[in-house]
Amino acid sequence: MSSDEVLLSASGVSKRFNVGSRGLLGGRLQLSAVDNVSLEIKKGETLGLVGESGCGKSSLARCLTRLYDVDEGTITFDGRDITNLGRRQMQPLRSEMQMIFQDPYGSLNPRRRVGSIIGDALAIHGNRGKGTRRQQVQELMEIVGLNPEHYNRYPADFSGGQRQRIGIARALALKPKLIVCDEPVSALDVSIQAQVINLLQDLQREFDLTYLFISHDLSVVQHISDRIAVMYLGRIVESGPVEEVFTASSHPYTRALLSAKPIADPRAAEQRDRIVLAGDLPSPISPPSGCRFHPRCPKAEQDCVTVVPTLEILRGAGPDAQRVECLHPLEADQDLSSFTPSIADTIIGADAAATGSREVAS
Amino acid sequence: MRTLPLAGPRAESAQGTGIRGVGWLAGGVAAALGIFFVVSSPTLGGVRACLVVWLVTWCAWAVLIRPRVDVQDDVIVLIGSVRDVRIPAARVDAVRVRAYLELVVGRRRYTSAAVGFRPSSLARGHADLARGLVSEGGRREVESATAYAAEYLRSVVAQARERGGEAPPITSSVAWIPLGSLIVLVLAAVAAFSL
Amino acid sequence: MIRFIFVRLITGLLVVFLVSVATFLMFFAAPNDVARTMAGKAATPETIALINHRLGLDQPLWHQYGHFIWRALHGDLGYDYYHQRSVVSIIKGAAPVSLSIAFGAAILWMILGVGSGIISAVRPRSFMDRALNVLALIFYSMPTFVLGSMLLFFLYFKLTSAGHAWFPAAGYVPWFGKPDPSNPQHGFWPWMHHLILPWVTLALVTAAAYTRFTRGSMLEVLSEDYIRTARAKGISERRVVFRHALRSALTPVVTQFGIDLAILAGGTVVTEQLFGMHGLGWNSLTAITNQDLPVIVGILLVVSVFVVVANFLVDLIYAVLDPRVRLY
Amino acid sequence: MVLLHVTDLNVSFDTDDGVVKAVRGISFDVDRGKTLGIVGESGSGKSVSTQTLAGLTRGARVSGSAQFDGLDLIKASPSQRRSVLGRKIGMIFQDPLTSLHPAYRVGAQIVETIRAHDRSISKRAARLRAIELLGMVGIPFPSERVDEFPHQFSGGMRQRVMIAMAMALDPTLLIADEPTTALDVTVQAQVLELMRKVQAEFGTAIILITHDLGVIADVADDVAVMYAGTIVERAPRDEIFYQPHHPYTEGLLDSMPGRVERGQPLRPVKGSPPSLIDLPPGCPFAPRCPYRFDRCDQEVPVLQTVFGDEQHQSACFLPTEIEERKALREQLVEKGGIR
Amino acid sequence: MSATPATAPPTAPKTTIVARGPWALAWRRFRKDKVALIAAAVMAVIILVAIFAPLINSALGQDPNYQDQVNGLDVNGLPLGPSGAHWLGTDALGRDVFARLVYGARISIGIGILSTGIAVAVGVVLGLLAGYFRGIVDVIIARLLDVVLALPVVLAAVALVAVFGQSPLVTVLVLAFFSWATMARIVRGQVISLREREFIEAARSLGASSTRIMFVELLPNLVMPIIIYFSLLVPVNIVTNAVLAFLGLGIPVPTADWGGMISDAEAGGLYQQAWWLVFFPGGVLVLTTLAFNLLGDGIRDALDPRIERLLRK
């Protein structure tokens with residue numbers, strides 16, 4: 001379904017947020033939200049971006065659409081380098097890439113009528129379609145399954161699912177090429193979630209859209225994406241076609257994430273081996289050295305503490321290759337729970353050797 | 001090879017603009033006043049007034065602006081008013097921040113007033129922002145730079161201990177610039193008033 | 001702990017220094033002609049020049065400021081223009097008046113305001129809540145001088161003319177210190193007796209604001225998740241309200257109390273004018289209207305010291321109220 | 001052995017727009033040492049019902065009864081209820097970041113629970129018990145961390161502290177209101193495993209409230225499915241997942257992304273939940289039900305035994321024999337009615 | 001895939017609650033609040049009196065400044081109590097108290113509303129700029145706010161009036177000087193929190209310019225706090241104006257002003273004999289302030305029923 005032509009590609013993209021004063025630690029305090037990320041999105045494809053909260057997936061999305069300025073790396077969209085474009089040059093491109101947001105109550109201005117919200121894009125970029133703005137907006141409302149007569153109502157009168165449809169209609173107004181969906185269904189109940197996912201897939205087919213679909217819910221991402229990238233603490237640790245990543249994941253974090261996901265099937269849940277990762281997500285203010293996952297990784301070794309791994313091709317070639325960022329990737333058949341880390345300072349290790357280091361965390 | 005995050009361009013002071021802001025304002029006003037006095041009446045009296053006011057500038061600079069905390073390859077440097085203390089990170093047992101920063105080494109506590117929460121922000125729970133509460137994209141980071149400073153120091157200490165190896169002793173040295181300038185000012189003032 | 005106090009001390013001193021520079025510039029450097037107002041309408045240029053010289057206004061600015069600071073450090077804030085009284089003596093006379101008004105009223109309004117705020121927050125929409133709310137609104141809308149006049153009229157005038165003088169007219173009676181020949185009374189009871197009306201006037205108006213403020217803060221905290229957890233732990237409702245809710249709700253109230261106390265201690269112009277008490281407020285009013293510069297600068301300096309001290313006290317109260325705020 | 005027996009619980013609130021009937025007559029039992037999973041979407045009344053049992057809902061009109069250990073929680077006086085809460089019934093809530101008091105040390109909050117019910121225990125003894133509890137729930141270095149403040153713990157750790165606090169007096173029932181919703185997947189797994197360990201070790205019955213069917217499959221023994229304020233189906237876990245009777249349960253399972261091959265569209269439940277102020281006549285799920293027929297709009301269905309197993313009850317007029325129900329299901333799938 | 005429109009759009013559920021915008025909702029809640037309605041009525045009357053003051057005075061044949069020494073005072077020169085001729089009695093100079101009150105309304109309320117208007121306008125603009133652009137703009141304005149809000153209002157007002165002289169214009173500007181800071185701080189707080197909301201980020205992703213975001217997205221959300229604090233700031237300014245008048249620094253003497261009337265009555269303890277000289281102006285002043293405050297509370301509860309939500313939780 002997706003041609004091989006690349007719509008958006010990012011190479012070595014990093015984004016850091018400044019924290020603290022020049023007087024404090026020589027102004028060196030930084031929150032590295034996105035660290036050296038490279039990825040490609042093919043035209044008409046859905047790339048799933050999955051990871052736990054605080055892993056940088058929202059920041060990456062805002063860097064790719066240039067809502068945030070990028071500190072390093074280059075981003076090309078539809079063949080043009082948009083890394084350092086100013087607000088003026090970005091303006092025409094804005095109509096070609098749009099965003100859908102997570103919070104149905106936060107993403108719509110409570111004090112404006114639904115019709116004017118959806119018509120925003122037309123008002124800003126000029127009405128290029130046929131018919132008056134009102135007609136176009138009502139047609140959009142029809143397409144996303146809303147009752148056009150509700151043109152003058154306020155967001156407060158709509159349910160969560162309907163509000164997300166309003167957000168989709170707003171993004172669809174200028175028929176963009178790329179839509180970045182930042183956790184569009186996470187705040188919805190399961191039954192409503194399915195309606196919105198079906199709508200997104202139908203719109204993709206009908207308007208030949210390309211999606212960057214961000215979520216922390218693995219089953220949703222598995223269903224809707226063609227390719228998938230897994231993020232941990234600002235870096236992409238594994239990427240590739242959905243089938244391969246879900247059946248033969250080779251990064252320990254992906255494997256642990258897949259096993260931790262609760263499945264609504266009791267018998268299947270009992271058969272799979274449960275890997276429960278110890279410890280919590282480290283603070284992004286000062287990521288662990290070497291491989292960022294080493295403090296929680298069951299098969300961490302000495303070189304994981306010092307050497308910083310890079311995203312290497314494991315299988316296949318080109319955009320559809322399966323890539324992993326690990327010095328000792330897992331084989332498909334290896335069982336992660338059978339490993340014990342060989343370095344002292346992992347959290348798992350720390351329990352055994354009750355060194356004073358814990359006191360440091362006070 | 002430790003990935004030291006790159007220096008950032010824009011920043012705000014850890015203690016918020018309150019304390020340090022007063023330092024800059026008072027220091028600046030006092031310095032300008034001193035120059036104004038000398039310029040407006042280049043007599044002995046003018047010089048005397050200027051020296052007294054410049055003592056205030058020195059005070060503002062040495063107590064509120066100069067003190068800060070710096071990290072140079074695994075050594076935490078507590079830059080004080082007149083004294084700098086260099087503490088190898090591996091030796092630190094605990095990093096605590098309340099009204100000011102406290103590095104616990106064995107039974108001794110090394111403190112720095114450059115990093116700390118104002119009591120009102122402590123009571124409003126800004127210390128929460130350090131652990132586990134970081135919102136993605138760093139949107140809330142500006143609210144509690146101090147919480148981040150503590151978190152960063154803790155990670156510096158943790159990574160230093162992880163590498164092990166023999167840690168150099170703690171050294172404290174006198175900072176000659178502030179002390180020197182103080183002595184010069186005092187001598188000049190004494191001279192001016194005795195003439 | 002000493003480090004923290006040392007830094008706050010220096011900061012406080014620098015703030016007072018800034019205030020002194022600001023007030024000095026605002027008054028001495030500002031283009032106003034004190035000598036002319038003093039010399040009166042039919043002033044000849046010579047008399048004005050003589051006055052200026054005597055007051056030292058013709059000296060270079062630095063000289064004036066240098067002397068001003070030098071003498072201030074020695075406890076001499078100069079002399080007021082009209083009666084040659086030393087500013088320090090004026091302040092020594094006025095400060096106890098303002099302080100006693102402010103602190104007495106403070107105790108009263110905290111008890112009334114915070115107390116009624118808690119009661120009406122704990123039982124929302126009850127009769128008590130509505131009654132306290134209306135009362136708070138009435139007193140909140142009552143300017144101090146209207147309430148003061150009414151109290152004076154009814155409690156003083158009507159009562160004394162009806163035979164029992166429970167409340168005194170006006171004027172301040174010192175509690176201790178050398179008795180002032182013109183004013184025979186002094187000692188604790190006469191002092192308090194004369195202060196009741198100003199205390200009540202000031203306290204009622206400010207308490208009204210604190211009732212609404214505390215109620216809002218308490219309601220906010222009572223809807224927090226950790227209050228529901230406290231109830232789920234099977235703790236008595238009284239303990240939930242006083243140990244859990246009140247502790248968090250008091251933080252903003254304490255901040256506001258620190259600011260209000262400092263400003264009021266600097267002189268409540270209206271109350272002092274109404275009750276004829278020559279406190280800092282009354283003195284600053286007369287000083288401003290007569291452009292009596294040294295007095296104004298002196299009082300503003302004293303008020304800025306009060307504000308700095310008050311902020312420091314508020315920080316200490318935080319440390320006592322909230323264990324997270326450890327200053328040591 | 002039945003620990004909690006709830007019959008005909010009704011809860012309603014007066015609002016500007018009318019009376020919201022949040023819970024409309026639900027009845028369920030909780031057995032000792034077992035876990036009852038209550039699953040439902042937002043607005044189904046799952047949280048309101050359990051919080052009403054604990055007397056935590058304010059300004060609501062409540063009726064019905066809830067027998068727990070010889071005491072009717074609904075009609076109990078505040079002091080009676082307080083003697084049970086914290087001692088016999090422990091509770092943990094959804095958002096660990098705001099459920100602990102920010103200005104009290106973690107240990108002090110646990111000691112407060114212990115001493116609120118048993119004054120005879122000294123502060124020192126209670127503090128030791130708190131350290132023991134923190135160790136039991138897997139917090140490293142408990143003897144040092146007992147004196148730390150909640151903001152020094154991460155989300156997952158705080159939820160462990162909540163569990164330690166709830167288990168302080170060895171309650172017989174633990175009510176968990178969406179305990180893992182605010183946590184990340186990896187931390188969620190840790191908390192669920194801890195709850196299983198606690199039940200195994202102390203035989204505590206658990207009521208687990210969640211909207212996530214995966215969590216139910218992971219932990220629950222029995223399941224109650226709630227919709228628009230009523231229980232529409234109640235059965236042991238495996239029957240709910242593999243032999244659902246009520247169309248809503250079936251619809252919920254169908255709409256899960258895992259149930260369909262990747263290329264195919266999902267099978268959502270059409271429409272959206274009804275407003276709890278003016279409910280449609282008859283079965284509340286009728287407007288969204290693919291099997292809808294005229295009786296559904298006239299009569300309100302009541303929980304009745306289905307498939308011959310009195311453990312399995314469903315409030316629906318569809319045939320109660322397995323074969324007939326399965327046949328209807330097949331017709332629906334062929335007709336593509338579920339599309 | 002066929003080009004048929006997306007899945008047969010499921011019929012959007014007929015929302016049972018009739019469609020209402022936030023304003024209609026607010027009006028419905030406000031109508032139910034009887035206390036606020038009474039306050040609104042009282043305020044309307046007072047404002048009408050202020051507007052038509054000259055009309056009312058001429059209709060009753062009273063002139064607020066006409067000093068009728070002859071029959072305005074009793075035999076030994078003391079003011080007359082309330083009577084048929086002078087409904088609310090006369091003051092020390094024989095002027096009719098009722099006429100002065102009616103005319104005084106125009107001054108007191110006029111100044112109150114005018115100064116609040118200026119303060120709100122300045123406060124909203126600066127608050128919006130500081131909150132939206134942050135950076136240096138925000139630091140400067142925020143520090144300015146701290147200084148202005150820390151000043152003792154009465155003393156500083158007295159100082160400013162003493163320096164710039166007494167006139168209605170100066171009084172209005174002085175009152176505006178203090179209340180703009182309150183308004184700016186509230187607007188700045190709102191903008192800082194609104195700015196983080198997703199619908200602002202959505203506007204940015206659509207390519208909306210800063211001005212469009214400030215006026216199309218942010219301003220409608222600020223209308224509510226602006227109305228609430230406008231109605232709460234007016235009484236504060238009325239009272240401060242009365243305090244200035246009371247201290248003899250308000251509007252120059254002859255023109256009638258409530259604060260001035262009370263201050264005249266205070267002089268020499270005149271009020272002990274002529275109680276009505278304090279009672280009526282004071283009473284009217286309190287009534288007006290109470291009406292505004294009650295109205296402010298009513299509007300806030302109607303527009304922002306947070307308190308209700310808190311109570312119900």
Side-chain angles (χ1 to χ4, degrees), chain B residues 15 18-30 32-43 45-50 52-53 56-57 59-64 67 80-81 96-102 109 111-114 116-128, chain C residues 1-22 24-25 29 59-70 73 224 226 247-248 250-256 258-259 308 311-328:
Chain B
Q15 282 184 328
I19 303 270
R20 202 176 279 276
V22 170
W24 282 106
L25 197 60
V29 163
L33 209 59
I35 298 162
F36 170 72
F37 282 163
V38 173
V39 162
S40 69
S41 62
T43 62
V47 170
R48 279 191 190 145
C50 165
V52 168
V53 169
V56 171
T57 316
C59 200
W61 173 67
V63 174
L64 293 180
S81 305
R96 285 200 198 91
V97 178
R98 279 288 170 268
Y100 48 84
L101 174 70
E102 221 177 57
R109 292 158 181 258
T111 59
S112 158
F117 291 99
R118 266 178 293 150
S120 52
S121 64
L122 265 177
R124 267 191 290 280
H126 287 176
D128 297 352
Chain C
M1 183 61 178
I2 5 94
R3 174 179 282 274
F4 174 74
I5 293 179
F6 174 70
V7 169
R8 289 306 293 266
L9 193 65
I10 297 287
T11 320
L13 288 178
L14 289 175
V15 167
V16 173
F17 164 75
L18 280 172
V19 168
S20 73
V21 171
F24 179 80
L25 288 179
Q59 299 281 354
L61 266 184
W62 68 267
H63 190 273
Q64 292 180 41
Y65 184 72
H67 273 292
F68 172 77
I69 291 289
W70 183 255
L73 291 180
E224 290 280 354
Y226 55 82
R247 168 160 286 204
S248 312
L250 279 187
T251 312
V253 174
V254 164
T255 327
Q256 191 60 34
I259 299 164
V308 166
N311 282 338
F312 187 67
L313 285 180
V314 163
D315 285 347
L316 292 187
I317 297 174
Y318 275 134
V320 167
L321 255 182
D322 190 334
R324 286 176 300 179
V325 182
R326 268 204 325 276
L327 301 181
Y328 47 88

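Here is how names work: the chains are called A, B, and so on, in the same order as the sequence lines, proteins then strands, and each is numbered from 1.
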Evaluate the criterion side-chain contact (heavy atoms from CB on, under 4.5 Å) for residue pair C:Leu14 and B:Leu64; output intermediate values, then yes/no. CA-CA 10 Å; C:Leu14 289 175; B:Leu64 293 180; 3.6 Å; yes
Only counting residues at least two apart or in another chain, list the ones meeting ring-ring contact (aromatic ring centres under 6.0 Å, His included) with C:Phe17. none
Name the region of B:Ser112, side chain, backbone, both or neither, that has any atom closer than 4.5 Å to a heavy atom of chain C. backbone
One option among B:Gly27, B:Ala30, B:Cys59 has the most heavy-atom pairs under 4.5 Å with chain C, and it is B:Ala30
Using the test salt bridge (charged side-chain N to carboxylate O under 4.0 Å, His left out), find all partners of C:Arg8 that sit at least two apart in sequence or belong to another chain. C:Asp315
